[in-house]
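Worksheet for the structure shown next.
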Amino acid sequence: MPVEAGAEGEDDGFREAEYAAINSMLDQINSCLDHLEEKNDHLHAHLQELLESNWQTRLEFQQQLGEAPPDASP
């Protein structure tokens, strides 16, 4: 069954518009994922700092009480 030239051109135009819309959505998703990754990295860094700070405070507190740190036992 032959396809008319005009219908084929419209179909190609529709496909191009559809692909452009999909590309735009994918770009937006990619930007959102990049933003989430940055936030995750930032939170991870802050949590790491908090853990290290808490560990240091705990060691200092144990030293004030005259206790040995948990890792110091043989």
Side-chain angles (χ1 to χ4, degrees):
M1 185 170 206
V3 177
E4 293 181 24
E8 187 176 310
E10 289 174 16
D11 197 33
D12 287 343
F14 177 74
R15 285 187 190 141
E16 287 178 23
E18 194 173 48
Y19 288 140
I22 291 170
N23 267 342
S24 176
M25 285 187 257
L26 288 173
D27 286 342
Q28 290 175 358
I29 291 170
N30 192 39
S31 293
C32 289
L33 289 173
D34 286 344
H35 182 70
L36 285 173
E37 186 176 10
E38 287 175 19
K39 287 182 90 170
N40 185 47
D41 290 345
H42 184 72
L43 285 172
H44 183 266
H46 278 291
L47 287 173
Q48 190 69 32
E49 290 173 11
L50 181 61
L51 284 171
E52 290 173 10
S53 172
N54 285 345
W55 178 250
Q56 185 63 36
T57 302
R58 182 177 178 205
L59 288 177
E60 290 170 4
F61 183 69
Q62 287 175 342
Q63 288 173 355
Q64 288 176 358
L65 294 175
E67 297 176 4
D71 314 42
S73 50

First locate atom [atom1] of [X], then atom [atom2] of [Y], and finally report the distance between them rounded to the nearest 0.5 Å.
X: E52; Y: L50; atom1: CD; atom2: CG; result: 10.0 Å
X: L47; Y: N40; atom1: CG; atom2: CG; result: 9.5 Å
X: D41; Y: L36; atom1: CG; atom2: CG; result: 11.0 Å
X: C32; Y: D27; atom1: SG; atom2: CG; result: 11.0 Å

Is the shortest side-chain heavy-atom distance between N54 and R58 below 4.5 Å?
no
Check whether the side chains of E60 and Q64 place a donor and an acceptor atom closer than 3.5 Å, and report yes or no.
no
Look at the side chain of S24 and the backbone N and O of A20, then say whether any donor-acceptor pair between them is shorter than 3.5 Å.
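Between the backbone of A20 and the side chain of S24 there is no qualifying donor-acceptor contact (under 3.5 Å).
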